[in-house]
Chemist: 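Let me begin by handing over the structure; questions about it come next.
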Amino acid sequence: MEILDVLSQPHTILSAPWMWTIFGIIVFVLLYLDLFVFHRHAEEPKIKDTLAACVFYIAIALIFGVFVIYERGMETGLLYYTGFLVEKSLSLDNIFVISVIFTSLKIERKYQHRVLFWGILGAIVMRGILIGLGDALVVKFHGVLYLFSAFLIYTGIKMAMHKEDEEGDIQESRLYKTVSKYFHVTKEIRGEHFFVKENGRHYITPLFFALIIIETMDVIFAFDSIPAIFLITQDVFVVYTSNIFAILGLRALYFLLAAAVNQFTYLKPALSIILIFIGSKIFLPYLGITITAEVSLITTFSIIGVGILASIFKPKKA
């Protein structure tokens with residue numbers, strides 16, 4: 001049997017440097033506006049501003065997809081949109097975890113933006129490193145895609161069978177105790193500061209500790225999302241840009257949905273089905289079944305839509 005098409009897609013990390021430059025400029029401008037223009041002062045975000053920011057980030061991501069279609073063709077553009085949709089959906093898990101972290105550490109909403117900004121900046125760097133490693137593995141060992149597939153199917157099944165338990169106190173966690181062994185951690189917030197010096201001793205504040213946990217959790221979540229996007233396409237430009245545009249809007253999405261994300265009861269089962277679907281795609285050609293970029297995008301969008309609608313219209317318990 002001939003090698004699957006999915007294993008022979010091009011790797012284009014160096015083929016279009018000017019496209020990478022345009023992408024880099026867009027990301028830099030968005031980050032600059034976010035930190036130095038729109039959020040220069042620590043204040044609790046307003047729902048109207050948060051909604052506008054959320055729509056803005058999604059609009060930028062969609063417009064960039066049009067740019068990809070214009071320069072690289074419809075199929076590549078649809079793969080970008082599929083990747084963005086999958087990454088955006090998986091980021092909802094991040095939102096729930098971030099909410100638990102901020103609640104446990106008693107971090108006020110007006111200080112949360114600063115933590116999330118640097119968390120997103122760190123995620124941009126870490127995703128680049130992990131995607132680069134993933135691409136190197138795929139180039140040298142095409143068979144690693146089968147491992148990605150098996151891992152996603154396993155993760156999807158595990159997610160579907162997982163029952164939500166009540167989250168414990170972050171300050172009682174092993175990570176908190178480990179960090180406390182090497183750093184002095186203040187018990188109270190010290191304004192916007194990550195580090196303070198008191199009585200001749202340096203301390204990290206709960207804000208910086210929250211940042212450590214968020215970065216750690218993002219790396220953990222990346223082990224689900226990066227194999228998923230590599231099974232959609234091996235085009236590194238599409239892989240990285242779809243990942244980063246999904247992450248850039250995470251802060252606004254958090255402030256918009258943090259209070260309600262745990263109400264989307266059927267979203268996690270929907271995400272598990274998507275992971276299983278993406279993981280299974282590589283094996284379908286052996287059965288004579290070909291999944292086009294259009295079918296992949298429509299299927300992913302439909303599964304997520306059904307999960308969200310089912311959660312919204314779920315009958316309320318007495």
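Here the structure is a predicted model, which is why all the values come from computation and not from measurement.
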Chemist: What is the distance from atom CD of Gln234 to atom CG of Leu79, rounded to the nearest 0.5 Å?
Modeler: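 Atom-to-atom, Gln234:CD and Leu79:CG are 9.5 Å apart.
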Chemist: Starting at CG of Leu121, measure out to CD of Glu215 and round the result to the nearest 0.5 Å.
Modeler: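 Separation between the atoms: 8.5 Å.
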Chemist: Between Phe67 and Ile63, is there shared hydrophobic-cluster membership here, with clusters defined by ILVMFWY side-chain heavy atoms closer than 4.5 Å?
Modeler: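 Hydrophobic grouping puts Phe67 apart from Ile63.
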Chemist: Any donor-acceptor pair under 3.5 Å linking the side chain of Tyr70 with the backbone of Gly65?
Modeler: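 Side chain of Tyr70 to backbone of Gly65: no pair is present.
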Chemist: Working to the nearest 0.5 Å, report the span between CZ of Arg127 and CD1 of Ile247.
Modeler: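 So the gap between those two atoms works out to 4.0 Å.
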Chemist: Show the numbers, then the answer: is there a side-chain contact (heavy atoms from CB on, under 4.5 Å) between Leu31 and Ile124?
Modeler: CA-CA 11 Å; Leu31 290 174; Ile124 290 174; 4.1 Å; yes
Chemist: Going through the checks in order, is the side-chain contact (heavy atoms from CB on, under 4.5 Å) test met by Ser272 and Ile157?
Modeler: CA-CA 7 Å; Ser272 68; Ile157 294 173; over 6 Å; no
Chemist: Does a side-chain heavy-atom distance below 4.5 Å link Tyr111 with Val115?
Modeler: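 Sidechains of Val115 and Tyr111: no contact.
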Chemist: Evaluate the side-chain proximity of Arg114 to Phe194: yes if any heavy-atom separation is below 4.5 Å, no if none is.
Modeler: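 In short, these two side chains touch, coming nearer than 4.5 Å.
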Chemist: Check Leu275 against Ala228 and note the closest heavy-atom contact, atom names and distance.
Modeler: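 Residues Leu275 and Ala228, closest heavy atoms: CD2-CB, 4.4 Å.
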Chemist: Looking at every non-hydrogen atom in both residues, tell me the closest pair between Phe230 and Ile131 and how far apart they are.
Modeler: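 Closest approach of Phe230 to Ile131, heavy atoms only: CZ-O, 3.6 Å.
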Chemist: Same hydrophobic cluster for Phe277 and Val306, using side-chain heavy-atom links shorter than 4.5 Å among ILVMFWY?
Modeler: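 No, separate clusters.
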Chemist: Within the structure provided, determine whether Phe56 and Leu30 are in side-chain contact (heavy-atom separation under 4.5 Å).
Modeler: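 Of all side-chain heavy-atom pairs linking Leu30 with Phe56, at least one is under 4.5 Å.
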Chemist: Side chains of Leu116 and Leu211: closer than 4.5 Å at any heavy-atom pair?
Modeler: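 They are not in contact (no side-chain heavy atoms under 4.5 Å apart), so the answer is no.
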Chemist: Atom CG of Leu248 and atom CD1 of Ile26: how far apart are they, to the nearest 0.5 Å?
Modeler: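 Here the rounded value is 10.0 Å.
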Chemist: Let me confirm one number: the CD1-NZ distance from Ile58 to Lys88, rounded to the nearest 0.5 Å.
Modeler: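 So the gap between those two atoms works out to 5.5 Å.
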Chemist: Using only atom types and a distance under 3.5 Å, with no angle test, would you say the side chain of Ser242 pairs donor to acceptor with the backbone of Val239?
Modeler: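 Yes: the side chain of Ser242 pairs with the backbone of Val239.
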Chemist: Can you tell me if Glu71 uses its side chain to pair, donor with acceptor, with the backbone of Met19 under 3.5 Å?
Modeler: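 Flag not set: sc Glu71 to bb Met19 has no pair under 3.5 Å.
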Chemist: Measure across Leu231 and Ser149 and return the closest heavy-atom pair with its distance rounded to 0.1 Å.
Modeler: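 Smallest heavy-atom distance, with atoms named: CD2-OG, 3.4 Å.
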Chemist: I want to check something: taking the side chain as every heavy atom from C-beta on, are Leu250 and Tyr57 in contact at a cut-off of under 4.5 Å?
Modeler: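 Side chain of Leu250 against side chain of Tyr57, heavy atoms only: no contact under 4.5 Å found.
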Chemist: So Glu75 and Ile69, side-chain contact (heavy atoms from CB on, under 4.5 Å) or not? Walk me through it.
Modeler: CA-CA 8 Å; Glu75 183 175 359; Ile69 291 174; over 6 Å; no
Chemist: Between the main-chain N or O of Ala61 and the side-chain N or O of Tyr80, is there a donor-acceptor pair closer than 3.5 Å?
Modeler: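 Yes.
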Chemist: I'd like to check Val66 versus Tyr81 (side-chain heavy atoms, cut-off strictly below 4.5 Å). Are they in contact?
Modeler: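 The answer is yes, as the side chains (C-beta and beyond) meet within the 4.5 Å cut-off.
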Chemist: For the residue pair Phe245 and Phe64, categorise the inter-ring angle as parallel (less than 30°), tilted (30 to 60°) or perpendicular (more than 60°).
Modeler: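 Geometry flag for Phe64 against Phe245: tilted rings.
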Chemist: Side-chain contact, heavy-atom cut-off 4.5 Å: Ile298 with Ser302?
Modeler: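 Yes, their side chains come closer than 4.5 Å.
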Chemist: CD1/Ile229 to CZ/Phe84 distance, rounded to the nearest 0.5 angstrom?
Modeler: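 Separation between the atoms: 11.0 Å.
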